[in-house]
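Chain identifiers are assigned alphabetically (A, B, ...) following the order of the sequence lines, protein sequences preceding nucleic acid strands; residue numbering begins at 1 within each chain. Note: hydrogens, waters and symmetry copies are ignored here, and every other heavy atom, side chains too, is used.
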2 protein chains.
Amino acid sequence: MTADVSRAPRDPGSDAEGTRWLDAGEQQAWRAWLYSAQLLLDRLDRELTHATGISHAYYEILVALSETEGRRMRMSELADRCLSSRSRLSHAVSRLEERGWVRRQVCPDDGRGQLAVLTDDGFAALEAAAPVHVEGVRTHLFDQLSPQQVAAMRDLGETLLRHLGTR
Amino acid sequence: MTADVSRAPRDPGSDAEGTRWLDAGEQQAWRAWLYSAQLLLDRLDRELTHATGISHAYYEILVALSETEGRRMRMSELADRCLSSRSRLSHAVSRLEERGWVRRQVCPDDGRGQLAVLTDDGFAALEAAAPVHVEGVRTHLFDQLSPQQVAAMRDLGETLLRHLGTR
DNA sequence: GCGGAATAGATGAGTCTTCAACTACTGTTC
DNA sequence: GAACAGTAGTTGAAGACTCATCTATTCCGC
């Protein structure tokens with residue numbers, strides 16, 4: 001006897017706690033989404049890391065910095081932009097600093113704050129990595145999808161973002 | 001001057017390497033998908049971990065084992081099912097063994113192999129965690145989507161899986 | 001049935017993430 | 001302007017993941 005605990009472990013309806021279990025169709029949709037998301041994120045990260053030595057997490061930090069005026073940003077703002085905790089970002093910036101790609105600068109407006117500044121070396125590293133990343137996204141994502149599917153993907157993402165909060 | 005390196009850093013067309021940069025619509029679709037995926041996975045993992053002490057990664061291992069005859073599975077097969085590397089699974093099973101939720105057993109058919117076996121305590125832990133996980137998936141995913149969006153999500157996931165390999 | 005290639009899994013070092021302090025500064029209230 | 005609460009960011013320890021390496025076993029060709 002197997003027990004698929006994502007569906008009801010007993011007869012539906014006999015469940016005292018009233019958990020709203022997934023039906024077979026929801027189950028399949030969820031699994032397909034979950035597996036494809038995990039595989040895609042993993043694949044992109046792996047290919048980028050192998051080709052350039054830059055993980056996807058680091059890449060997002062460099063991109064965020066490169067898109068701002070002066071290529072610098074407050075640590076907290078950068079953390080929010082990268083969906084990262086403060087702590088995680090702080091560690092990551094330390095490691096990027098060791099590589100000479102980012103440096104820290106005390107924030108002039110607020111003595112508590114720090115600015116992360118993208119260096120020229122950091123920008124060069126990003127320029128080298130960008131084609132690899134974009135090619136990965138194209139190959140593994142957009143090349144596989146029809147325009148309708150791309151539209152659906154965007155709609156889906158934006159709907160979920162409204163609920164999860166852009167934070 | 002900002003530089004969005006996901007689009008062409010220079011004029012499109014002046015790009016010597018011929019990188020197929022993303023246009024504005026693709027960019028938005030990609031960002032929406034990426035952010036929503038990261039936020040959703042993070043949210044589900046966090047809520048599950050806080051409420052039950054079981055991370056999503058561990059949860060998937062327990063679910064996979066619970067679904068098999070005899071609640072046991074070869075390590076490699078389990079790794080594949082959980083989209084995990086052999087090494088990662090080996091470490092994870094060791095930690096689950098310390099909790100008394102899984103035990104290892106030499107595979108009778110193949111002296112090289114090991115079976116991971118779900119214990120009764122492990123199954124009980126899973127039964128306790130399942131409602132929390134399912135409720136999370138419902139609240140943060142299905143409750144937010146129309147039936148059409150759910151269908152699109154499934155279609156999208158399955159399309160990407162065909163390319164990325166169910167592995 | 002012997003020898004080499006391939007497979008299954010474990011292990012340890014290095015890296016990354018999380019969590020809970022902790023320091024330092026700002027803003028607010030009296 | 002002193003006291004206190006709140007905010008910004010860092011730090012260190014513990015847990016988790018990756019990669020390369022290692023051992024044990026099986027498979028295959030002869």
Side-chain angles (χ1 to χ4, degrees), chain A residues 38-39 41-62 72-99 101-117 167, chain B residues 38-39 41-62 72-99 101-117 167:
Chain A
Q38 289 178 337
L39 283 172
L41 292 172
D42 193 59
R43 185 81 156 252
L44 291 174
D45 186 41
R46 258 184 163 55
E47 290 183 356
L48 186 63
T49 303
H50 276 130
T52 70
I54 305 178
S55 69
H56 192 257
Y58 285 10
Y59 182 81
E60 288 203 304
I61 293 171
L62 300 180
R72 67 196 63 209
M73 202 185 290
R74 285 291 291 270
M75 293 294 285
S76 314
E77 195 187 341
L78 186 53
D80 291 346
R81 192 85 96 90
C82 296
L83 304 181
S84 171
S85 70
R86 311 284 165 101
S87 168
R88 179 181 172 188
L89 181 73
S90 188
H91 285 297
V93 165
S94 297
R95 292 181 301 252
L96 289 171
E97 224 171 359
E98 285 167 18
R99 295 195 191 186
W101 291 351
V102 170
R103 61 186 172 78
R104 275 181 240 247
Q105 181 189 326
V106 174
C107 179
D109 311 337
D110 186 340
R112 295 167 299 183
Q114 293 275 110
L115 293 168
V117 186
R167 219 186 322 188
Chain B
Q38 288 178 337
L39 284 172
L41 292 172
D42 192 61
R43 185 84 156 249
L44 291 173
D45 186 39
R46 257 184 164 54
E47 290 183 356
L48 186 63
T49 303
H50 276 132
T52 70
I54 305 178
S55 70
H56 193 257
Y58 285 9
Y59 182 81
E60 289 203 305
I61 294 172
L62 300 180
R72 66 197 63 210
M73 202 185 289
R74 285 292 291 271
M75 293 293 285
S76 314
E77 196 187 341
L78 186 53
D80 290 346
R81 192 84 94 87
C82 297
L83 305 180
S84 172
S85 70
R86 311 284 167 101
S87 169
R88 179 181 170 187
L89 181 73
S90 188
H91 286 295
V93 165
S94 296
R95 292 181 301 250
L96 289 171
E97 224 171 0
E98 286 168 17
R99 295 195 191 187
W101 291 351
V102 170
R103 62 188 171 76
R104 275 180 239 248
Q105 181 188 326
V106 174
C107 179
D109 312 337
D110 185 339
R112 294 167 299 183
Q114 293 275 111
L115 293 167
V117 186
R167 199 127 28 138

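- Side-chain N/O atoms of B:Arg72 and B:Gln105 include a donor and acceptor closer than 3.5 Å.
- Computed from coordinates, the B:Arg86 CZ to D:dA16 C1' distance equals 20 Å when rounded to whole Å.
- As a whole-Å value, the separation of A:Asp110 CG from D:dT10 P is 13 Å.
- In this model, the phosphate group of C:dT17 is not approached by any side-chain N or O of B:Arg46 to a distance below 4.0 Å at OP1 or OP2.
- Of the possible polar contacts, one joining the A:Glu97 side chain to the A:Arg104 backbone as a donor-acceptor pair under 3.5 Å is found.
- In this structure, A:Leu89 CG and A:Arg86 CZ are separated by 9.5 Å, a value rounded to the nearest 0.5 Å.
- Rounded to whole Å, atom C1' of D:dC19 lies 14 Å from atom CG of A:Asp42.
- Within the nucleic acid shown, A:Arg95 comes within 4.0 Å of at least one base atom, counting heavy atoms only.
- At whole-Å resolution of the value, CG in A:Leu115 and C1' in D:dA8 are 12 Å apart.
- By the side-chain contact (heavy atoms from CB on, under 4.5 Å) test, B:Ala92 pairs with B:Tyr58, B:Ile61, B:Arg95, sequence neighbours left out.
- Taking every side-chain heavy atom of B:Ala57 into account, D:dC17 is the closest of C:dC16, C:dA10, D:dC17.
- By the 4.5 Å heavy-atom criterion applied to side chains, B:Met73 and B:Arg81 are counted as neighbours.
- For DNA chain D, the residues of residues 87-94 of chain A within the heavy-atom distance limit of 4.0 Å (strictly under) are A:Ser87, A:Ser90, A:His91, sorted by number.
- In terms of polar N and O atoms assigned as donor or acceptor, the side chain of B:Arg112 comes within less than 3.5 Å of the base of C:dT7 in a complementary pairing.
- Remark: A:Glu47 pairs with A:Arg43 by the salt bridge (charged side-chain N to carboxylate O under 4.0 Å, His left out) rule, at least two apart or across chains.
- Between B:Asp109 atom CG and C:dA8 atom C1' there is a gap of 13 Å when expressed in whole angstrom units.
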